[in-house]
Structures are given as structure tokens and as C-alpha cells.
Amino acid sequence: MSMWRSISWWFTLIVLLGAGLWPIASGSATGREDMFLILMLVTLASSLNILLGYTGYVNFGHIVFFGLGGYIGFYLMHRQGWSLGPAMIAGGLATAALALVLGTIILRLRGAYFALATIGINEAVRAFVANFEPFGGATGMSLNFAVYQAYGGAAQALWIAYGVLLAVTLLTVGISFAVKHSKFGLGLMAIREDEDAALVLGVRGPRAKTLAYALSALFPGMVGVLFFFKNGNIEPGDAFRLHLSIETLVMVMLGGQGTVWGPILGAALYERLRGYLLTSPLFKSLHLAFAGMLLLLIILFVPAGVIGWLRARFPAIRRVIP
Amino acid sequence: MSLLEIQGVSKRFGGLQALNRVSLHVSEGEILGLIGPNGAGKTTLFNVINGVYRPEEGRVIFRGQDITGRPPYEIARLGIARAHQIVRPLNELTVLENVMVGACFGRENRSLREAREIALAVLEQVGLAGKRDVEAARLNVAEKKRLELARALAARPYLILLDEVLAGLNPTEVATMLEVIRAIRASGITVLMIEHLMHAVMNVSDRIVVLDYGEVIAEGIPQEIAHHPRVIEAYLGDPRLSQSLLEAQGG
Ligand SMILES: Nc1ncnc2c1ncn2[C@@H]1O[C@H](COP(=O)(O)OP(=O)(O)O)[C@@H](O)[C@H]1O
Ligand SMILES: [Mg+2]
């Protein structure tokens, strides 16, 4: 793979690995909790970027894959006795398969209609899960504490979940990089720029879009399993938080859609910002309004995000920051 | 041998009959000029050929295969490429990337690496090599027209559809572009071109088909067309066109 000869990929890998391994090296549990959140958001934002940034389709319902993947993995661990790894892979594959089916239907829609459909999907899945008895209905499910014994106790299980998340994050960003620099990715970007022109040039629009949607659904499905495994319980209100979808969108836009580093930087920046807002009493209940304002400001003044802004000023960084 | 065969194609937009049982053929290796007043249905015919519109009636046969109603991307892969009348650059991609899209997803379905080589060669051919790393949005109109052409060429099609690629170019640029079109044909690609510049199309075409109100009103070699009474009549309504028709007759 030519990717392994690319400076910018090595740069990306080393930065992520360095940041991700730091809590493990220092053994700090609070450091691990902070990084868990950041890595999770990086994964959500990077996977959303495949559809939003590369393909140009705005998805307000990205979090549905996080929630549903979480539910499926949780069910497999809780009711079927699966271990974390297989449950996580099953969660991811299930959400990717769902996106494959949904994609063939709703990706016929363009622009605002597609965006609206994605909100509908989130709400429909939430309503379904809340009434689905095997998933515990409206009250959800809680893991039996004994489950963690298989991982050497609860404390150890948290470290394991963190390690697996780090691997999933590297995989997500790696795939994002590979897609961006592939023929498939070129087709997606052609669709983003002018879908009809892309079709005339021979890009198989329906298939490419559906694959992009499925790929962008795979990773949140996996991360959902890790998150709710660590959380110990899952319920509809937690799993399908529409506002997390919107915040993920803000992260991608903030960092710079369509770049590999945009979602990474955007997720990290937004998480810091939100952490500050949530501790400030003035902003505590307003943080979603803040996210909306931020989105508006980005779209109006820096539509290319932080990375786009930096690149426009310092073209040389293109070589390092993909 | 007929490369493209259009058989009784009709296309309506609401109450407007844009194409009315149009039949024509394009022979392998020729340059066929398609002319006619504004709104005659020329661009619509291109849209039917490459699958953007499905005709209500008639069939489009390409290399012996019925391609009527197939999606544009399948038709592109079968070997028909197109340069749009209204340019459609992929704005945020570079000039090189734009042309690579053509090579990657066109008839030859090339890998990214091969597409890059092809794109560089084509950019050289159309005189855009110096702009390869510029965002397509930053090109001027004449350059965007050449980009349209380059993308279509990079697909290595059997048939190329050129929709007014000379429009808006100055006389020197027109002369250069005509050379490029001849070179395209010399490289083995069949050309179907819509053109308003009468002297140019008369000069470069082997054969000409005239469309008016969605119907074929004349067909023949350039000299016949320039003196065809129905063509002259159709063009009288359009001062600009009749002027250029007169010039073409004189030259
Ligand atoms: N998508 C469309 N919807 C409605 N009318 C159209 C559409 N495309 C073309 N037309 C009409 O069809 C006629 C033929 O248009 P067109 O093929 O663009 O003409 P030409 O290329 O010969 O100038 C015109 O009257 C035009 O207004
Ligand atoms: Mg036209």
C-alpha cells in the first residue's frame, strides 16, 4: 500500500498513537477517561466525514449507528454471553448492513431531503428499540457485574475497552485516509462536487454513495459497543441522542470537512470547548444552543474549517496534514 | 459501419416536443456536425444519447447494443464521453484530479496511478498542463471548456460528444481547438459535435445534420448544407446564425 510510504500518514499515525498511549503509559485513570471521550468523538467525526466531507451528503442521524450498534453488541454480551471483541465486530457489521439497505432507498434523495430522512431514521430506530422487548424496551439493559470478571475485574475491563477503542480509532482514521487517496474516494469527491457530472463521467453514483454510507456506519456501530460496555447499561435515551449527531457534525465542520485531519482536530477542540461549557453554570444548559451558533459561524465565516483555513494560509502543510 | 444509431427518438418536456422522431447515424471515424437554431433540441439529443434523459419513443443503438434508458455511468463505461455546453467543473478538485475522474471511470476503467499518467498526457494535448494543480473553480471560461474536453478525452471513449466547445473562444483559440478536434479524430475517436460557429463546423465536419424544432430537416456534406433551402429558412429567424451561414457560403 502506497499509504505506508506517505509522510502525512505516518505523521497522523504517530500523533494519534502518541496521544492514545499516553494515558496507558502514565496509568492515569482520569487521563484515560478524557482520552476515551476524545477518541470516541474522533471516530464518530472521522466516520461521519466519509459521507459528509468526501461525498457531500449531510447526515443528521449518524448517531443512530452508534446507538444501534451499542444495543446489538450489548444484547450479545448480556443475553448471549459473547465476549467484547466479537460483539463489537457484530455491532459494527450489523449497522453497516443496515446502512447498505437504507442507503439504496434514501440515497436517491438529494440535499435537504436526504438530511431530513436521516433524522427520521434516528427517531424511527429509537422508537423501535424502545418497544423491542429483547432489548429491554424503554428501560434498556444493564450488564451483570460478573461479566467484567472475564476481563480481570471492572477496573481492568475499562483499560481493555480503552485499548480496543484506540485500535478502532486508528483503523477508522486509517480507512478515512485510504479512502481519501483512493479511486473510490475520487469518485465520492466527484459526486460531492457535481453528482450529475460525476455520473456522466462514469462514476457509479448509487453504488458509491451506498458503500460510503455503509463504511461510515461501520465504525460508530463498533464504538457504540465499546461505550456501552464501559457504561454498564444502555437505554434508548442514551443510545440515540440526536444532539450528539449534531455535535458530531459541528466537529467535522469546525475542523474542516473533507480532510483527514479536520474531524480529528475538530473533535478534540470541540470536546475541550464543551468540557469547559459544561462546567460553567452559565452555559451548562445552553451548550446545544452554543453548538448551533458555532455551526452557523463556521458555515458563514470559515466554511473550510480550521484545517482549510490553515491550508489556505500555509500551503506547505498540505504535505504533512492530509 | 455505424457506431451510433438513433432511431425515431422523441422527448417531451411537458407540452414542449423537444425531439420529434429524430433518426440519424454516426459512422465510425467521422466527424459529424450537429447544427440548428437555439432551442432546436441539440443538447437534449445529447442528453438522450448519454442516458441523462430517457426518450418516450425510439431507440439508441451504440456499437450494436441497445443503450436506451441505461444510466449515464453505464453509457460512459461503454465508451461515450461528453463535454458539456455549460461547463461542469468539479470545483474543489484540481485540474489534474478532474481529468483523472474521466480516466478512472471511463471506458478503460483505469487505476488511480494509470489515470494520473493518462490525465497528464491529455492535459498536455489540450494545453492545460501548466494548470494541473490549480483548483478547477479558478480557471477562466476558456480553460474550463478545455477541461471539459480533457475529462472526456481521458476516458478514451469510442465516441465523444462535444457540445459547443468553441463558444466564447477568440479566433486564435477556435483555430487551436479545431486542430485539437482533428487530432482527436486522428487518434481513432469518432466525434459528434454541436456547434454554432458555422464556418468552423463546415470546415471540420465530414457530414452535417440539421435540427430544427426537434426534427431533422437536412443532412449532408457541408457544401450541400450551406445551400440547403430549409436550412437557410430555419436560420433566417436568427440574425447571428444567418450572418455566419452567409460567411460560410462565401468561404
Ligand atoms: N430539462 C428541461 N426541462 C424543460 N424544458 C427543457 C429542458 N431541457 C431543454 N428544454 C427545452 O427543450 C428545447 C430544446 O432545448 P436544447 O436541447 O437545450 O436546445 P439546443 O441545445 O438545440 O439549443 C428548448 O425549448 C428548451 O427550453
Ligand atoms: Mg444546447
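Hydrogens, waters and symmetry mates play no part in the numbers below; they use all other heavy atoms, side chains included. Just so it is clear, the model here is predicted, and its values are computed rather than measured. Here is the naming used below: chain letters follow the sequence lines, and residue numbers restart at 1 for every chain.
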Does [atom1] belonging to [X] count more than 12 external heavy atoms closer than 6.0 Å?
| X | atom1 | answer |
| --- | --- | --- |
| Glu56(B) | CD | yes |
| Ile7(A) | CD1 | no |
| Ile86(B) | CD1 | no |

Non-hydrogen atoms of Leu201(A) and Ala76(B) that approach each other most closely: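 Where Leu201(A) meets Ala76(B) most closely, the heavy atoms are C-CB, 4.0 Å.
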
Locate the shortest heavy-atom distance separating Ala190(A) from Leu90(B); write the atom from each residue and the value. O-CD2, 3.7 Å

Just by distance, which donor-acceptor pairs between chain B and chain A come in under 3.5 Å?
from, atom 1, to, atom 2, distance (Å)
Tyr73(B), N, Leu199(A), O, 3.3
Arg77(B), NE, Gly202(A), O, 2.8
Arg77(B), NH2, Gly202(A), O, 3.0
Arg88(B), NE, Asp194(A), OD2, 2.9
Arg88(B), NH2, Asp194(A), OD1, 3.1
Arg88(B), NH2, Asp194(A), OD2, 3.3
Asn91(B), N, Glu193(A), OE1, 3.4
Glu92(B), N, Glu193(A), OE1, 3.0
Cys104(B), O, Lys183(A), NZ, 3.0
Asn109(B), OD1, Lys183(A), NZ, 2.8
Arg110(B), O, Lys183(A), NZ, 2.8

Quick one: list whatever passes side-chain contact (heavy atoms from CB on, under 4.5 Å) with Val216(B), sequence neighbours left out.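 Val216(B) satisfies side-chain contact (heavy atoms from CB on, under 4.5 Å) with Val22(B), Val209(B), Leu211(B) once adjacent residues are dropped.
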
